[in-house]
Amino acid sequence: MNGQWESFLAPYEQAVSELKIKLKGIRKQFEETNQHSPIEFVTGRVKPIHSIVNKTIRKGIPLANLETELQDIAGLRMMCQFVEDIKNVVELLRKRKDFTIIEERDYITNKKDSGYRSYHVVVEYPVQTIEGERKVLVEIQIRTLAMNFWATIEHSLNYKYKGQYPENILERLQRAAEAAFLLDEEMSLIRGEIQEAQAEFSKKNDQ
């Protein structure tokens, strides 16, 4: 069975590896032209087998429909310094020709009840294999560093409580989410000064 999983997941691992290089390349291009990069850093992963199985059971997805109904087997996260950068990153993704955007979900304008904020873009990415081209779904999450900090903590708590939070924990999570968003808003108000300071610091280090 493990061999079957390895064979099934191989294209997803290839997609994550290739897209990480490509999306990191966007940041490098901005840096080479001395422009502010809307991308702080990029991470990626293929969902562990046990997580895939648990999600199919929870969502009632037949294993035969994994490729079409489970959109986040392959996942990438693109971190931004400012909320405004997220829109710019999404526009960059929309212009690309090496994958097709299947769906977009705006959890920033329409946050989840838990307080979760992020922008999700689901793409269909063509992987070249020895057996020919195989198109796989990849979920790209674009969020600020503050949003990511909150989401990382919430993910751990969600695993512990299996989504059924005690009321006091849920209230604290929601307050923490608002505090994180307030931090993003405050940073946006002094965005110009921050970018100017970062540019001067970078220039000094290059000398």
Side-chain angles (χ1 to χ4, degrees), residues 7-48 51-52 55 65-112 116-152 155 184 187-188 191 194-195 198-199 202:
S7 177
F8 174 76
L9 293 176
Y12 291 95
E13 291 170 352
Q14 185 174 332
V16 168
S17 178
E18 292 178 8
L19 283 169
K20 277 172 66 177
I21 292 171
K22 291 180 176 182
L23 298 178
K24 286 179 180 179
I26 298 175
R27 174 181 170 83
K28 187 175 182 182
Q29 290 175 49
F30 276 100
E31 290 176 341
E32 288 175 344
T33 53
N34 295 317
Q35 299 181 67
H36 166 72
S37 172
I39 302 167
E40 186 68 10
F41 61 90
V42 180
T43 63
R45 63 93 185 103
V46 173
K47 190 182 284 291
S51 294
I52 295 174
K55 190 165 186 178
N65 296 352
L66 272 182
E67 291 184 72
T68 56
E69 293 191 39
L70 204 58
Q71 298 178 329
D72 63 344
I73 294 176
L76 286 101
R77 288 177 185 160
M78 303 179 72
M79 309 303 173
C80 306
Q81 285 190 335
F82 305 100
V83 176
E84 293 84 357
D85 290 335
I86 295 174
K87 181 180 178 181
N88 294 332
V89 170
V90 173
E91 287 300 323
L92 288 169
L93 295 180
R94 287 172 180 161
K95 292 176 183 177
R96 294 188 70 92
K97 305 298 183 184
D98 50 346
F99 53 68
T100 302
I101 293 179
I102 302 299
E103 186 178 345
E104 294 184 29
R105 296 191 294 274
D106 184 357
Y107 296 122
I108 297 175
T109 304
N110 306 293
K111 66 177 180 178
K112 292 187 177 182
Y116 176 85
R117 286 182 171 94
S118 187
Y119 198 99
H120 293 193
V121 177
V122 179
V123 305
E124 185 179 66
Y125 181 75
V127 173
Q128 307 303 319
T129 75
I130 58 173
E131 297 175 348
E133 183 176 275
R134 179 174 166 185
K135 294 180 179 179
V136 299
L137 296 180
V138 181
E139 183 182 78
I140 304 173
Q141 300 175 351
I142 307 123
R143 56 177 66 150
T144 64
L145 298 170
M147 291 175 192
N148 188 60
F149 170 73
W150 182 93
T152 301
H155 181 76
D184 278 332
M187 290 299 103
S188 291
R191 181 183 180 191
I194 293 171
Q195 291 177 345
Q198 289 174 335
S202 178

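Just so you know, these numbers use all the heavy atoms, side chains as well, and skip hydrogens, waters and symmetry mates.
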Please examine the side chains of Leu23 and Ile39, heavy atoms only from C-beta on, and report whether any two atoms are closer than 4.5 Å. no

Of the non-hydrogen atoms in Ser118 and Gln141, which two are nearest, and what is the gap between them? OG-CB, 3.9 Å

Over all heavy atoms of both residues, which pair between Gly75 and Val16 is shortest? Give the atoms and the distance, please. N-CG2, 4.2 Å

Verify the neighbour count for atom NZ of Lys55: are there more than 12 heavy atoms of other residues, nucleotides or ligands below 6.0 Å? yes

Criterion side chain to side chain contact (heavy atoms under 4.5 Å, CB included) against Pro11, the qualifying member of Glu133, Arg134, Glu67: Arg134

Interatomic spacing from CD1 in Ile140 to CD in Glu104 - rounded to 0.5 Å: 10.5 Å

Would you call Arg143 and Met79 a side-chain contact if the rule is heavy atoms closer than 4.5 Å? yes

Pairwise side-chain contact, Leu93 with Ile142, heavy-atom cut-off 4.5 Å (strictly under): yes

Check whether any side-chain N or O of Ser17 sits under 3.5 Å from a backbone N or O of Glu13 as a donor-acceptor pair, and report yes or no. no

State the CD-OG1 distance between Glu40 and Thr144, to the nearest 0.5 angstrom. 11.0 Å

To the nearest 0.5 Å, atom CG of Leu19 lies from atom CD of Gln14 at 10.5 Å

Can you tell me if Lys135 has over 12 outside heavy atoms packed within less than 6.0 Å of its NZ? no

In terms of the angle between their ring planes, are Tyr107 and His120 parallel, tilted or perpendicular, with boundaries placed at 30° and 60°? perpendicular

Mark yes or no for whether Gln81, through its side chain, and Ser37, through its backbone, hold a donor-acceptor pair below 3.5 Å. no

Quick one: list whatever passes ring-ring contact (aromatic ring centres under 6.0 Å, His included) with Tyr12, sequence neighbours left out. Phe8

Residue pair Lys47 / Ile52: nearest heavy atoms and the distance that separates them: O-CD1, 3.5 Å

Between Lys28 and Glu31, is the salt bridge (Lys or Arg N to Asp or Glu O under 4.0 Å) condition met? List the steps. CA-CA 5 Å; Lys28 187 175 182 182; Glu31 290 176 341; over 6 Å; no

What's the spacing between Tyr119 OH and Thr109 OG1 if we round to 0.5 Å? 8.0 Å

Please lay out, stage by stage, how Arg94 and Val121 fare under the test side chain to side chain contact (heavy atoms under 4.5 Å, CB included). CA-CA 9 Å; Arg94 287 172 180 161; Val121 177; over 6 Å; no

Nearest 0.5 Å, what's the CD-CZ distance between Glu139 and Arg105? 5.0 Å

Taking side chain as C-beta onward, heavy atoms only, is Ile26 less than 4.5 Å from Arg96? yes

Is there side-chain contact between Arg117 and Asp184, with at least one heavy-atom pair below 4.5 Å? no

Compare every heavy atom of His36 with every heavy atom of Phe30, then report the nearest pair and how far apart it is. CD2-O, 3.4 Å

Give a yes or no on whether Glu131 atom CD has more than 12 heavy-atom contacts from other residues, nucleotides or ligands under 6.0 Å away. no

Non-hydrogen atoms of Glu84 and Ser188 that approach each other most closely: OE1-OG, 2.9 Å

Phe149 atom CZ, neighbour heavy-atom count above 12 within 6.0 Å: no

For the residue pair Val136 and Phe99, establish whether any side-chain heavy-atom pair is separated by less than 4.5 Å. no

Looking only at heavy atoms, which two atoms of Leu137 and Ala74 are closest? And how far apart? O-CB, 4.0 Å

Between CG of Asp85 and CG of Leu92, what distance do you get to the nearest 0.5 Å? 10.0 Å

